[in-house]
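One structure is given below, encoded as structure tokens.
Residue numbers run from 1 in the order of the sequence given.
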Amino acid sequence: MNDSVDRLYQAVLAARDLDPATSRTAKLFRGGSGKMAKKLAEEAIEVVIDAVNGNREAVIRESADLIYNLTVLWASAGVRPQDVWQEMDRRETLLGIAEKLPKARVKSGPHLPKSPSSGVRRPIAELDAARAARKRR
């Protein structure tokens, strides 16, 4: 998927200065980050609705739209796909690939390196304490 998103990102960059009358991407850039954010939110809501309704094919189509709009917003914000992949790698080292970092409890600091040097998952004291407390119950 990284290659596909990287190719999409390069295509978005190439299309941003085209004629907005003929390019959806150029039209989004002309509308600014507020318009881009609104389109991204609309696509996310459509994915959710289709998933709740059990419409697999619509989830696939709307997910592709969601990724496109996310990529446009990234390009506008100066975020490269590689920046996101690096953050995902960092998180995988901390909690595993299928976990999301808790927003309130886990922040970058001395115990959470931005560039982990090993592939070993590092313990997070607050999360480990919470797991231990659940086991005691």
Side-chain angles (χ1 to χ4, degrees):
M1 179 170 123
N2 290 9
D3 289 344
S4 296
V5 174
D6 290 336
R7 284 194 323 274
L8 173 60
Y9 183 80
Q10 292 305 315
V12 164
L13 291 177
R16 69 179 159 192
D17 295 321
L18 297 176
D19 180 0
T22 58
S23 169
R24 177 89 180 125
T25 302
K27 186 175 181 180
L28 284 168
F29 273 93
R30 179 77 48 95
S33 61
K35 177 70 171 175
M36 292 175 199
K38 180 181 176 197
K39 289 303 297 177
L40 181 64
E42 288 172 7
E43 297 302 342
I45 290 167
E46 289 175 6
V47 170
V48 169
I49 290 168
D50 291 331
V52 168
N53 289 335
N55 188 339
R56 181 181 182 279
E57 294 304 315
V59 169
I60 292 168
R61 287 190 306 274
E62 296 302 335
S63 292
D65 290 347
L66 179 64
I67 292 168
Y68 161 77
N69 281 284
L70 177 60
T71 304
V72 170
L73 191 64
W74 284 351
S76 174
V79 173
R80 300 168 304 141
Q82 184 60 34
D83 301 329
V84 178
W85 310 149
Q86 287 173 350
E87 173 61 11
M88 291 176 69
D89 289 344
R90 184 184 78 85
R91 291 176 180 207
E92 180 178 6
T93 300
L94 296 173
L95 292 174
I97 191 71
E99 297 297 331
K100 180 181 177 294
L101 294 178
K103 292 202 184 279
R105 290 190 268 178
V106 178
K107 296 182 181 171
S108 291
H111 64 290
L112 297 176
K114 289 190 178 197
S115 301
S117 58
S118 71
V120 177
R121 184 177 148 211
R122 304 186 91 175
I124 298 173
E126 289 179 356
L127 294 177
D128 290 343
R131 287 185 187 120
R134 281 194 301 268
K135 287 180 182 177
R136 287 191 296 262
R137 290 183 203 161

| Is there a side-chain contact (heavy atoms from CB on, under 4.5 Å) between Arg80 and Trp74 once you walk through the steps? | CA-CA 7 Å; Arg80 300 168 304 141; Trp74 284 351; over 6 Å; no
| task | Kindly determine whether Arg24 and Lys27 satisfy side-chain contact (heavy atoms from CB on, under 4.5 Å), including the steps that lead there. | result | CA-CA 5 Å; Arg24 177 89 180 125; Lys27 186 175 181 180; 4.2 Å; yes
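Minimum interatomic distance between Leu13 and Arg16 (heavy atoms only, all atoms of both residues): O-CG, 3.3 Å. The shortest non-hydrogen separation linking Ala51 to Val59 is N-CG2, 3.4 Å. Val12 and Ala75 get closest at one heavy-atom pair: CG1-CB, 3.9 Å.
Between Asn69 and Met36, the closest side-chain pair of non-hydrogen atoms is not below 4.5 Å. Residues Tyr68 and Val5 form no side-chain contact, since every pair of their non-hydrogen atoms from C-beta on lies 4.5 Å or further apart. Annotation: side chain of Glu57 is in contact with side chain of Asn55 (closest heavy-atom distance under 4.5 Å). Side-chain contact between Thr25 and Leu18: absent, with no pair of heavy atoms (C-beta onward) separated by less than 4.5 Å.
By the rule that hydrophobic residues join a cluster once side-chain heavy atoms approach within less than 4.5 Å of another member, Leu70 and Met88 end up as members of one cluster. Trp85 and Val79 fall within the same hydrophobic cluster, defined by Ile, Leu, Val, Met, Phe, Trp and Tyr side-chain heavy atoms under 4.5 Å apart, directly or through other members.
Rounding to the nearest 0.5 Å gives a distance of 9.5 Å between CD1 of Ile49 and CD of Glu62. For the atom pair OG of Ser23 and CZ of Arg30, the computed distance is 10.5 Å after rounding to the nearest 0.5 Å.
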